[in-house]
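All of these numbers come straight from a predicted model, not from anything done at the bench. Throughout, residue positions are numbered sequentially from 1 according to the sequence presented.
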Amino acid sequence: FVMVDQLRRSVNSIYACIAEGSRSGTDGELVYFLGKARGSCGEAEAHLIVSGKLGYIGDDEVKRLSGKCEEISRMISGYINYLKKKKGKK
């Protein structure tokens, strides 16, 4: 149950950081919170891998969900890059 709680917290942190950053008012703060959200994706993926190694979930499910974490992380990275380029054009 501890692993489930840790996974749940890291996943909740992804959207909470994005929401907090979107309300921050500046692109710089948004980039900061997006970075935290991306870190939470990595944390969630790590919990999934450990859960698989402990036999809590199957290998196919670990691969599928890890792929989702990586996809979300890439989307967040793309948004961060967009915001940084936008800032450079001002």
Undergrad: How long is the straight-line distance from OG of S66 back to CD of E45, given to the nearest 0.5 Å?
TA: 4.5 Å
Undergrad: So which residues get pulled into F33's cluster when ILVMFWY side chains under 4.5 Å apart are joined, directly or through others?
TA: Y32
Undergrad: Applying a strict under-4.5 Å side-chain criterion to I, L, V, M, F, W and Y, I'd like to know whether L83 and I14 cluster together.
TA: yes
Undergrad: Enter the distance from S22:OG to E29:CD here, rounded to the nearest 0.5 Å.
TA: 11.5 Å
Undergrad: Could you measure the distance from the CE atom of M3 to the CG atom of L54? Nearest 0.5 Å is fine.
TA: 5.5 Å
Undergrad: Transitively linked via ILVMFWY side-chain contacts under 4.5 Å: L7 with I57?
TA: yes
Undergrad: Taking all atoms of both residues into account, what is the closest heavy-atom pair of V11 and A44, and its distance?
TA: CG2-CB, 4.0 Å
Undergrad: Are the side chains of Y79 and L30 in contact, using a 4.5 Å heavy-atom criterion?
TA: yes
Undergrad: Go through the structure and list residues passing salt bridge (charged side-chain N to carboxylate O under 4.0 Å, His left out) with R64, not counting sequence neighbours.
TA: E61
Undergrad: Let me check something: do L65 and I76 share a hydrophobic cluster, defined by ILVMFWY side-chain heavy atoms less than 4.5 Å apart, either directly or through other members?
TA: no
Undergrad: Regarding D59 and K63, does a basic nitrogen lie under 4.0 Å from an acidic carboxylate oxygen?
TA: no
Undergrad: Any side-chain heavy atom of C69 within less than 4.5 Å of one from L48?
TA: yes
Undergrad: Out of curiosity, does V31 fall in the hydrophobic cluster containing Y82 (side-chain heavy atoms, cut-off under 4.5 Å, transitive links)?
TA: yes
Undergrad: What's the spacing between I18 CD1 and M75 CE if we round to 0.5 Å?
TA: 8.5 Å
Undergrad: Which value, rounded to the nearest 0.5 Å, describes the distance between S10 atom OG and E43 atom CD?
TA: 4.5 Å
Undergrad: Using 0.5 Å steps for rounding, measure from the CD atom of Q6 to the OG atom of S51.
TA: 9.0 Å
Undergrad: Please find the pair of heavy atoms, one from C41 and one from I72, that lie closest to each other, and give the distance.
TA: SG-CG2, 3.5 Å
